[in-house]
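What follows is one structure encoded as structure tokens, with my remarks underneath.
Sequence positions, counted from 1, serve as the residue numbers for this chain. Counting convention: from 1, in listed order, for ligands and their atoms alike.
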Amino acid sequence: MAVLGAAGRMGSTVVRAVQDAPDLELVAAVDAHEDLSVVVDAGAQVAVDFTVPSATEGNVHALVDAGVHLVVGTTGWDDDSLARVRDHLADRPGVGVLVAPNFALGAVLAMAFAARAARWFESVEVIELHHPDKVDAPSGTARHTASAIAAARAAAALGPLPDATTQSLDGARGADVDGVRVHSVRLRGLVAHEEILLGNAGEQLTIRHDSFDRVSFMPGVLLAVRQVGSRPGLTVGLEQLLDLA
Ligand SMILES: NC(=O)C1=CN([C@@H]2O[C@H](COP(=O)(O)OP(=O)(O)OC[C@H]3O[C@@H](n4cnc5c(N)ncnc54)[C@H](O)[C@@H]3O)[C@@H](O)[C@H]2O)C=CC1
Ligand SMILES: O=C(O)C1=N[C@H](C(=O)O)C[C@H](O)C1
């Protein structure tokens, strides 16, 4: 196994988790400005990428070419970048790539519950709350959550969300992800948190998940590492491995 972004907050946690896993062997730990050839030279079968949005797609294509399976937690993926990986994998049968915006089991369940509930509520908004060193907003998890909610609303033929706001300071209503408003909080002391607010006349359902420590992501990462080699092609979302899709 290899870890890319090994010096980072997530990468260093993955390194420790792999070292503690009796069935896995860490053969390469790579950070910025190091050549990816060390991954291949070390004989890694699977690489885990927790780097930066500007580097992750390049890492994936380079290692797919070398026949290495990938588990990707780095955010910044969109339909176009995922499509490029899917196309590339069509030329590399047998290689698997799993991209997931969140590996915490509770976060994946929160997303699934929100998508399930969405059709029964008139209003919904997503709030993600993170440590202030996070470089992207909104979080990959919030984007994934909002897209799944929007798809569920569309499938139920629900119209646009009610919102009479016509004038506001730029950004006051958050970002628009497929028609769903997403708000990003950055606060020292936080790790990774998400709240989905669903409203009807006279009632509110709040679905909240908190990662208090990055160890929360490790069971999902290790599950993906163990399964990615038997899932050729592109898999998006840990929910695909949890019978939740
Ligand atoms: N899917 C999930 O469950 C989770 C995803 N994330 C995402 O993972 C990514 C990393 O998050 P953090 O660890 O907090 O960031 P971080 O900034 O602590 O770590 C990123 C590391 O990647 C290194 N790096 C940059 N370019 C590189 C390259 N080309 N090759 C190898 N290493 C490179 C940096 O030097 C740094 O050590 C972010 O996109 C974040 O949103 C974070 C937590 C959970
Ligand atoms: O940067 C983080 O910390 C996290 N990033 C991921 C995201 O953007 O969704 C997952 C989790 O929220 C932690």
Legend entry - Ligand-side contact atoms (ligand 1) for residue partner Ala7, heavy atom cut-off under 4.0 Å: 37 (O)
Legend entry - Interfacing atoms of ligand 1 (cut-off 4.0 Å, heavy-atom, Lys134): 41 (O)
Legend entry - Part of Glu128 with heavy atoms under 4.0 Å of ligand 2, whether side chain, backbone, both or neither: neither
Inset, instruction - Please state which part of His131 comes within less than 4.0 Å of ligand 2, counting heavy atoms only: side chain, backbone, both or neither. - result: side chain
Any idea which part of [X] is under 4.0 Å from ligand 1, heavy-atom wise: side chain, backbone, both or neither?
X: Glu34; result: neither
X: Val52; result: side chain
X: Ala32; result: both
X: Phe217; result: side chain

Inset, instruction - Locate the shortest heavy-atom distance separating Val3 from Gly11; write the atom from each residue and the value. - result: CG1-O, 3.7 Å
Residue and atom name of the nearest protein heavy atom (relative to [atom]), distance in Å to one decimal:
atom: atom 4 (C) of ligand 1; answer: Phe50 CE2, 3.6 Å
atom: atom 10 (C) of ligand 1; answer: Thr51 O, 3.2 Å
atom: atom 36 (C) of ligand 1; answer: Asp31 OD1, 3.7 Å
atom: atom 2 (C) of ligand 2; answer: Lys134 NZ, 3.6 Å
atom: atom 29 (N) of ligand 1; answer: Ala55 CB, 3.3 Å

Test your reading of the structure: does [X] have an N or O sitting under 3.5 Å from an N or O of ligand 1?
X: Pro101; answer: yes
X: Met10; answer: yes
X: Gly73; answer: yes
X: Arg214; answer: no
X: Ala100; answer: yes
X: Phe103; answer: yes
X: Thr75; answer: yes

Which atoms from ligand 2 have a heavy atom of [X] less than 4.0 Å away?
X: Thr75; answer: 6 (C), 7 (C), 8 (O)
X: Ser139; answer: 7 (C), 8 (O), 9 (O)
X: Asn102; answer: 10 (C), 11 (C), 12 (O)
X: Gly140; answer: 7 (C), 8 (O), 9 (O)
X: His130; answer: 2 (C), 3 (O), 4 (C), 11 (C), 12 (O), 13 (C)
X: Pro101; answer: 6 (C), 7 (C), 9 (O), 10 (C)
X: Ala192; answer: 11 (C), 12 (O), 13 (C)
X: Thr141; answer: 7 (C), 9 (O), 10 (C), 12 (O)

Under 4.0 Å between a side-chain nitrogen and a carboxylate oxygen: does that hold for [X] and [Y]?
X: Arg143; Y: Asp136; value: no
X: Glu125; Y: Arg173; value: yes
X: Asp23; Y: Arg226; value: yes

Legend entry - Option passing side-chain contact (heavy atoms from CB on, under 4.5 Å) with Thr141 (candidates His193, Met111, His130): Met111
Legend entry - Residue from Asp49, Val99, Thr75, Leu70 passing side-chain contact (heavy atoms from CB on, under 4.5 Å) with Thr56: Asp49
